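Below, chains carry the letters A, B, ... as their sequence lines are ordered, and counting in each starts from 1. These numbers were taken from a predicted model, which means no experiment stands behind them.
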There are 2 protein chains.
Amino acid sequence: MASRIERLCVERGLKMTGQRRVIAKVLSEAEDHPDVEELYRRAASLDSRISVATVYRTVRLLEEKGILERRDFGGGRARYEATEHGHHYHLIDIESGRVIEFEDAEHEQLMRQIATRLGFDLVSHRMELFGRRRTGAEPGADRPNGDGDIVAEQDGGRARDRNGVTR
Amino acid sequence: MASRIERLCVERGLKMTGQRRVIAKVLSEAEDHPDVEELYRRAASLDSRISVATVYRTVRLLEEKGILERRDFGGGRARYEATEHGHHYHLIDIESGRVIEFEDAEHEQLMRQIATRLGFDLVSHRMELFGRRRTGAEPGADRPNGDGDIVAEQDGGRARDRNGVTR
DNA sequence: TTAGTTGCAAACCCTTTGCGAGGTC
DNA sequence: GACCTCGCAAAGGGTTTGCAACTAA
């Protein structure tokens, strides 16, 4: 059974090698935002005949094909997630590195208006929040969570310095 | 007459060397978002006894002191601007690399609410728009510009590939 | 005088690439 | 068989750092 991403690769006419199949599987199963090193680690544990170079090449290729999206959460390394689950944004816990996804329907619309007002067509945008967990408040604990905002929560990446924070 | 940034350095107790004075001057006079290479070029033209390493060290120091803010507009190099003119955001012209600043008072408030809802205190956030100049519409041409949105427009940096755009 | 700063070059880190070998369609 | 892809190791590009000389306070 081909993984979801493997099917997308085939659809887009990519030659499916053993390595790509493994990387596609890893990506299909990832529920977080792994960087290349992490993808390599996961892929290599399934098939040790894979090199980092191939992971870099594959990830770049899939991004060009629109199958993957590259993210920059600071820290100097790119992180990836599959293009699929509708638009969402990220809140990064600056202490643990954990990434929380959330939706905000108003935003895209709002940004488009701003660009238009400035005389531009909006091609893309990015927005990340960096925060610290409120003391005495587990996420979704004080507020029953059921309002559909939290799409997912994961990623135990270690927090890093100099992460490009806006302030 | 010490430059604005030089005064801030002194206030913060930094030892003022000749190199720092020059870099402070360059930063004080910059009206764009130069990267280190550009800062070095400008500084070296005022005093050739400056090395890139010093620019890197100074810029990092000033950022830690809250005098400078580091920005990431994609392209892999950090860009800097003085902490001062109130909060604003950036729209990057993906064709020319030009950066347009704009304000959006609602945003910070909105983002803070989102973070709060997720159980976090908002420490910082970033948002960048990437757009293409609408054909037949010079910025502020079709719309008389007088609504106070455009704070500044400058930066002739060349556009770059793989610039970390969200989509 | 003393602790902090500089230039230089080497080191780092992430990512890309040239090349010959190997695989896919 | 033609063309693509792989692993390896080297190269790149931005940024940091060790060290000895130097300098602001």
Side-chain angles (χ1 to χ4, degrees), chain A residues 2 6 9-24 26 33-41 43-44 46-65 68 70-80 157-158 160-164, chain B residues 2 6-7 9-24 26 33-41 43-44 46-65 67-68 70-80 157-158 160-164:
Chain A
E6 182 177 339
C9 289
V10 174
E11 273 175 30
R12 312 280 214 275
L14 296 181
K15 197 176 277 188
M16 288 314 292
T17 65
Q19 290 89 329
R20 282 193 188 161
R21 242 180 284 275
V22 171
I23 296 171
V26 167
H33 309 78
D35 58 27
V36 168
E37 191 188 323
E38 178 61 26
L39 287 174
Y40 171 60
R41 203 176 297 129
L46 296 180
D47 180 345
S48 59
R49 300 164 312 172
I50 285 183
S51 72
V52 236
T54 296
V55 177
Y56 272 108
R57 280 192 271 236
T58 303
V59 120
R60 171 167 231 191
L61 181 68
L62 298 200
E63 192 200 351
E64 283 162 3
K65 293 293 184 184
L68 274 191
R70 179 159 28 107
R71 292 280 136 93
D72 167 23
F73 295 154
R77 43 233 292 168
R79 298 172 62 172
Y80 294 87
R158 54 283 189 218
R160 276 182 262 258
D161 280 356
R162 292 179 63 70
N163 53 8
Chain B
E6 181 177 339
R7 286 194 299 274
C9 289
V10 174
E11 272 175 32
R12 310 282 211 277
L14 297 182
K15 195 179 278 191
M16 287 314 292
T17 65
Q19 290 89 327
R20 283 195 186 159
R21 242 181 281 276
V22 171
I23 295 172
V26 167
H33 310 77
D35 56 28
V36 168
E37 190 188 325
E38 179 61 25
L39 287 173
Y40 171 60
R41 202 176 298 129
L46 296 181
D47 179 346
S48 59
R49 300 164 313 174
I50 286 182
S51 71
V52 236
T54 297
V55 178
Y56 272 107
R57 282 192 271 234
T58 303
V59 122
R60 169 167 233 188
L61 181 67
L62 299 201
E63 191 200 350
E64 284 162 3
K65 293 292 184 186
I67 297 173
L68 274 191
R70 179 158 27 107
R71 291 281 136 91
D72 167 22
F73 295 154
R77 42 231 294 168
R79 297 171 64 172
Y80 294 87
R158 53 283 187 220
R160 278 181 260 257
D161 279 354
R162 292 178 62 70
N163 54 6

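In this structure, CG of A:Leu61 is placed 14 Å from P of C:dT17, rounded to the nearest angstrom. Atom CG in B:Leu62 sits about 17 Å away from atom P in C:dG4, given to the nearest Å. Regarding B:Asp72, its CG atom lies at a distance of 14 Å from the P atom of D:dG14, rounded to whole Å. Between the P atom of D:dC6 and the CZ atom of A:Arg60 lies a distance of 15 Å, rounded to the nearest Å. Remark: P of C:dC14 and CZ of A:Arg70 are 16 Å apart, rounded to the nearest angstrom. Put simply, OH on A:Tyr56 is 18 Å from P on D:dG12, counting in whole angstrom units. Between the C1' atom of C:dC13 and the CD atom of A:Glu38 lies a distance of 18 Å, rounded to the nearest Å. For the pair A:Glu63 CD and C:dT15 C1', the interatomic distance rounds to 13 Å; values are reported in whole Å.
Residue A:Gln19 places no side-chain N or O under 4.0 Å from the OP1 or OP2 atom of C:dG23. Taking side-chain N and O atoms only, B:Arg49 has no distance below 4.0 Å to OP1 or OP2 of C:dT6.
The two residues B:Ala43 and B:Val22 make their nearest non-hydrogen contact at O-CG1, 3.7 Å. Between B:Leu68 and B:Tyr80 the shortest heavy-atom distance is CD1-CD2, 3.9 Å. The two residues A:Glu6 and A:Met16 come nearest to each other via the heavy atoms CG-CE, 3.7 Å. In terms of heavy-atom proximity, B:Leu62 sits nearest to B:Cys9 at CD2-SG, 3.7 Å. Nearest approach of B:Leu39 to B:Pro34, heavy atoms of both residues: CD2-CG, 3.6 Å.
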*Can you check salt bridge (charged side-chain N to carboxylate O under 4.0 Å, His left out) on A:Arg41 and A:Glu38, steps first, answer last?*
CA-CA 5 Å; A:Arg41 203 176 297 129; A:Glu38 178 61 26; 2.2 Å; yes
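Distance from the side chain of B:Arg77 is smallest to D:dT15 among C:dT5, D:dT15, C:dG7. Set against D:dT5, C:dT16, D:dT15, the side chain of B:Ala78 has D:dT15 as its closest nucleotide. Among the nucleotides C:dT6, D:dG14, D:dT15, the one closest to any side-chain atom of B:Thr54 is C:dT6. The side chain of B:Ser51 sits closest to C:dC8 out of C:dC8, C:dT16, D:dT17.
Axis angle between the ends of the helix from C:dT1-D:dA25 to C:dC25-D:dG1, five pairs each and rounded to 10 degrees, works out to 40°.
Distance check, rounded to the nearest 0.5 Å: CG of A:Leu61 to CZ of A:Arg20 gives 5.0 Å.
By the salt bridge (Lys or Arg N to Asp or Glu O under 4.0 Å) test, B:Arg7 is found to be paired with no residue, residues two or more places apart in sequence or in another chain being considered.
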*What string of B, S and - do you get for nucleotides 18-25 of chain D 5' to 3' if you count protein non-hydrogen atoms under 4.0 Å?*
B-----BS
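More than 12 heavy atoms of other residues, nucleotides or ligands shown are found within 6.0 angstrom of CZ on B:Arg12.
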